[in-house]
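The structure presented is a predicted model; accordingly, all values stated were derived computationally and were not measured.
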Amino acid sequence: MDPGRRRVLAGDLPEPLAVMPELAPAKTSRLPVKQLLLVLGVVATAYALALLVWGDSPKTSLSVLWSWTGLQAAALCLLNYLLRGVRWRLWMAHYGRHFGWLEGLRLYLAGYAFTPTPGNIGEAVRGLMLARQPLGTAQSLAIFGAERLADLFCLLLLCLPVLGWALSLGAVQAAPKLLAGLLIAGVLVLMLAVGLLVRYRRRLRQRLAWLYEAWRCLAVRPWRGFALTLLAWAAQGLAMWLICREIDLHLPVLTAMGFYAVAMVAGALSALPAGLGGMEAVLTGLLVLQGAAPGQALGITVMVRLLTLWLAVAIGVLALLYSAAIRKDISLS
C-alpha cells in the first residue's frame with residue numbers, strides 16, 4: 001500500500017480535520033447558575049423561617065425596606081459599591097487595563113454575582129472574565145487579595161468602638177485583667193506574624209506570587225485606596241444605624257458601625273459563602289446584648305443583610321448578564 005495512503009488511514013490528518021465538529025467539546029459557562037439559585041433559595045427560606053419562628057412579623061420587617069429610611073440605607077449601600085468600584089478601577093489601571101467610570105463600575109458590579117462563595121473567592125474572577133485583555137490568574141488573585149486585605153484592615157479599625165462598648169458591660173468590668181491579657185496577647189501574636197512575614201518574605205514571594213502582587217497593588221496610591229475602603233464600609237455601617245433607628249433600637253452611630261464591622265469580620269473568618277450564618281449569628285447576638293429583643297434583633301439583621309449583601313448580588317447578576325449578552329465585554333465561556 002502507498003505510504004501516504006497508509007498515513008491517511010492511520011488518522012494522520014491535518015488538525016482541523018482530525019476532530020469532527022460533532023465530537024468537539026462544547027464550551028460551558030463559568031457562571032454557577034444552579035449553585036447561585038440553590039444558595040438564594042436556601043437563604044430566603046432560612047430568613048423567612050427565622051422571622052416566622054423567632055422574629056416579628058416578616059411583613060412588618062420587610063416594610064422597612066420601602067420606607068424613606070430604607071431608601072436612605074439602600075443609597076448608602078450603593079455608595080459602598082461605588083467607592084469599592086473606584087478602588088478596583090485604580091488597581092486595574094495598575095495592570096494596564098483602563099476603563100471609563102461607568103464601564104469600570106459595571107464590570108466591577110458584575111463580580112458581585114459570585115459573592116455567595118466561600119470567603120467570597122468567586123469575586124476573584126472579575127479580571128478573568130474580561131473578553132478583551134483579561135488578567136492572568138496571578139494578577140486577578142492579586143487584586144482580590146488586595147481587596148480583602150484592605151477591607152479587613154478598615155473593618156478592624158471600625159471594630160474599635162466595640163471595645164469601649166464591651167468595657168461598659170459589667171461582665172467585662174469584672175475581669176479587666178483578663179481583657180488586658182487578651183489584648184496584650186493579640187498584639188504579641190500580631191507582632192510575631194509581622195516578624196515572620198518579614199523574615200520569610202522571599203520564600204513567600206516565591207510560593208505565593210499573588211500575595212506579593214497584592215502588596216504591590218496596595219502600594220498604588222495607598223492613601224486613596226485606604227480612604228475609599230474606610231468610607232465604603234463606614235457607609236454600610238451607617239446604613240445599619242439607620243435601620244436600627246427605624247426599628248426603634250437606639251444606639252450610637254459608631255457603636256452600630258462597630259457591630260456591623262465585628263459581624264463582617266466574624267463572617268469572613270467562618271469561610272462560609274458570604275459569611276452566611278456566622279455574620280447573622282454574631283450581629284444578632286450583639287444587638288441582643290445591646291438590649292434589643294430577640295425578634296427585634298433578628299429583624300434588623302435580616303434587613304441589614306438584604307441591603308448590604310443580597311442587593312449587591314442582584315445588581316451583580318444584572319450587570320453580568322448585560323455585560324455578557326449586550327456589551328460583549330465579559331466572556332462566560
Side-chain angles (χ1 to χ4, degrees), residues 64 67-84 87 147-176 179-180 182-184 186-187 190 222-269 275 278-294 296-309 311-312:
V64 175
S67 65
W68 173 240
T69 300
L71 294 177
Q72 288 178 304
L76 287 168
C77 293
L78 293 176
L79 177 62
N80 172 282
Y81 312 148
L82 172 62
L83 294 174
R84 292 163 68 193
R87 183 187 63 177
E147 287 182 296
R148 296 290 80 83
L149 288 172
D151 291 343
L152 179 61
F153 180 72
C154 290
L155 284 171
L156 288 175
L157 285 180
L158 292 174
C159 288
L160 292 178
V162 179
L163 181 60
W165 169 82
L167 288 172
S168 67
L169 297 179
V172 177
Q173 287 180 334
L179 181 64
L182 291 174
L183 182 60
I184 294 173
V187 172
L190 181 60
W223 290 110
R224 177 179 295 186
F226 170 79
L228 290 170
T229 305
L230 188 61
L231 287 173
W233 290 113
Q236 287 201 337
L238 183 58
M240 176 182 154
W241 175 76
L242 289 174
I243 294 172
C244 289
R245 190 180 64 174
E246 182 69 14
I247 303 184
D248 203 26
L249 177 64
H250 300 283
L251 66 164
V253 176
L254 292 180
T255 302
M257 291 182 178
F259 282 0
Y260 177 71
V262 169
M264 286 295 295
V265 173
L269 293 177
M279 192 276 185
E280 285 84 350
V282 171
L283 184 56
T284 301
L286 289 171
L287 292 172
V288 170
L289 287 175
Q290 172 64 21
Q296 185 184 31
L298 187 61
I300 292 172
T301 299
V302 172
M303 294 305 100
V304 168
R305 287 299 259 173
L306 288 175
L307 287 175
T308 61
L309 172 62
L311 176 62

Set of residues satisfying side-chain contact (heavy atoms from CB on, under 4.5 Å) with respect to Trp68, sequence neighbours excluded: Leu71, Gln72

Show me the side-chain donor-acceptor pairs of residues 249-267 shorter than 3.5 Å, one per line, residues at least two apart or across chains.
residue: His250; atom: NE2; partner: Asp248; partner atom: OD1; Å: 3.1
residue: Tyr260; atom: OH; partner: Gln236; partner atom: OE1; Å: 2.5

Would you give the length of the straight line joining atom CG of Leu238 to atom CG of Leu76, rounded to the nearest 0.5 angstrom? 5.0 Å

Working to the nearest 0.5 Å, report the span between CZ of Arg224 and OG1 of Thr229. 12.5 Å

Which heavy atom in Ile300 sits nearest to a heavy atom in Cys244, and how many Å separate them? CG2-SG, 3.8 Å

Would you call Met279 and Leu309 a side-chain contact if the rule is heavy atoms closer than 4.5 Å? no

Identify, with sequence neighbours excluded, every residue that meets side-chain contact (heavy atoms from CB on, under 4.5 Å) alongside Ala73. Ala239, Ile243, Leu307

State, yes or no, whether a side-chain contact exists between Leu242 and Met303 at a heavy-atom distance under 4.5 Å. no

Passes side chain to side chain contact (heavy atoms under 4.5 Å, CB included), Leu78 versus Leu82? Steps please. CA-CA 6 Å; Leu78 293 176; Leu82 172 62; over 6 Å; no

As a quick check of understanding, evaluate side chain to side chain contact (heavy atoms under 4.5 Å, CB included) for Leu283 and Met240, giving each step before the final call. CA-CA 11 Å; Leu283 184 56; Met240 176 182 154; 3.5 Å; yes

Indicate yes or no for a side-chain donor-acceptor contact from Glu246 to the backbone of Gly70 under 3.5 Å, with no hydrogens or angles considered. no

Smallest heavy-atom separation, Gln296 atom then Ile247 atom, equals NE2-O, 2.8 Å

Which atom names give the shortest non-hydrogen contact between Arg87 and Gly225, and what distance separates them? CD-O, 4.2 Å

For Ala297 and Val288, work out which heavy atoms get closest and say how close. CB-CG2, 3.8 Å

Which residues share a side-chain hydrogen bond (donor to acceptor under 3.5 Å, both in side chains) with Trp233, sequence neighbours left out: Asp151

Can you list everything that forms a side-chain hydrogen bond (donor to acceptor under 3.5 Å, both in side chains) with Thr308? Sequence neighbours excluded, please. none

Could you go through residues 154-161 and list every donor-acceptor pair under 3.5 Å that involves a side-chain atom there, pairing it with any protein atom two or more places apart or in another chain?
none

